[in-house]
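Notes follow once the structure below has been shown.
Proteins come first, then strands; the chains are lettered A, B, ... in the order of their sequence lines, and each starts at number 1. What you see is a predicted model; the values in this text were computed from it and never measured.
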Amino acid sequence: MRYTLLINAAPQSGEAAHSAIRFAEAALRQGHSIEQLFFYGEGVMNASTLTVMPQDEQNLPASWDALIQKNDLSSIVCVSSAIRRGIIDTQEATRHQLSAVSCYESSEIGGLGSLIHALSNTDRVLSFG
Amino acid sequence: MSKTITLVARRTPYGGDKARQTLDIAFAAAVFDHEVRYVFIGDGVWQLKKEQSASEIDRKPHAAALETLELYGIDKIYALQDSLSERQLDINDLIANVQVVDDATVRTLLAGPGHIINL
Amino acid sequence: MSNLHVIATSPQTTNFVDLKAAVASVDAVLFIEDGVYFSQADDAMLNFATQRQFFLSEDLLARGLALRAEQEQLNYDGFVDLTTKHERCISWY
């Protein structure tokens, strides 16, 4: 099956982002494909390179980055959610004349059109929030 | 998969971001030529309340944005009767073009086709 | 055609009117995160249109919850399986 996962919760707010990554790992282990990861609303915080966690707690943004790279997943961070929360890639940093970049390069900052497009090529969409 | 998307809206318009996020998905889906079915249940029916003046709290007016959906070809807007009754609302309290439906109809709408997004 | 409802909130913070309007007799319900507290609820609260109800084992264990004999648990692999058996997933959080 081809899945799209919509992640709508920050790593710091409850369990949902963790549930999403556990689901993604299980689906991939079973040979399913993840067509699209889409980080929306508070979920964009999962792409922050600036998250520092205590050593005995999981750094979910780092875990997502590893999962995305290892499985060559397509990951989009919603642009309108991202820039208002300070999740900025090089392109947005240039456009808005900002001094820092805070988005993992394994994810791309993009629009809702990418989500809609992914839905057409997906058997199941699951949201976590 | 069919190019139909069913959106479930069950949040108040200004209590969080999710009402607006759902609306943004509706606009994007319409722009990319999907058929949108927009189902308001629970506290989501408050989004449909007419005469909102959101500028008072420096927010974008939500119902006014919902009223523009028709220009995007989205004319399938449903509200659950039980949710309205629970909140002492009736059709006259709502913006135009909302279809009031019972729970059996909601289940039929959720039975497909296409994906469902419930934020 | 049937749906999988994934419920992530505790019974006391869940709007039953919404949920019960949405769950059809052919559907299944999976409780995750704080949703697993439904396992401790009385029968009236678990009175959904479907008896196909499952609880995510990792979230039960995390919260120190045990199931009654007739209740069914599954792990993340089971969660994935369940999504393949239903055409659509509806999240409630």
* Asked: At a heavy-atom separation under 4.5 Å, does B:Asp17 approach chain A through its side chain, its backbone, both, or neither?
  ->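 Only the side chain of B:Asp17 comes within 4.5 Å of chain A.
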* **Parallel, tilted or perpendicular: rings of A:Phe23 and A:Phe128 (30°, 60°)** =>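 Because their plane-to-plane angle lies in the 30° to 60° range, the rings of A:Phe128 and A:Phe23 count as tilted.
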* Asked: Taking the six-membered ring for Trp, are B:Tyr72 and B:Phe27 parallel (under 30°), tilted (30 to 60°) or perpendicular (over 60°)?
  -> tilted
* Do you know which of A:Gly129, A:Ser80, A:Ser127, A:Gly41 has the most heavy-atom pairs under 4.5 Å to chain B? ->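 Most heavy-atom pairs under 4.5 Å with chain B: A:Gly41.
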* Heavy-atom proximity to chain B below 4.5 Å, by part of A:Leu126 -> neither
* B:Ile25 vs B:Leu7, side-chain contact (heavy atoms from CB on, under 4.5 Å): CA-CA, chis, key distance, verdict -> CA-CA 8 Å; B:Ile25 293 176; B:Leu7 299 172; 3.8 Å; yes
* Any chance the side chains of B:Asp82 and B:Ser85 put a donor and an acceptor closer than 3.5 Å? -> no
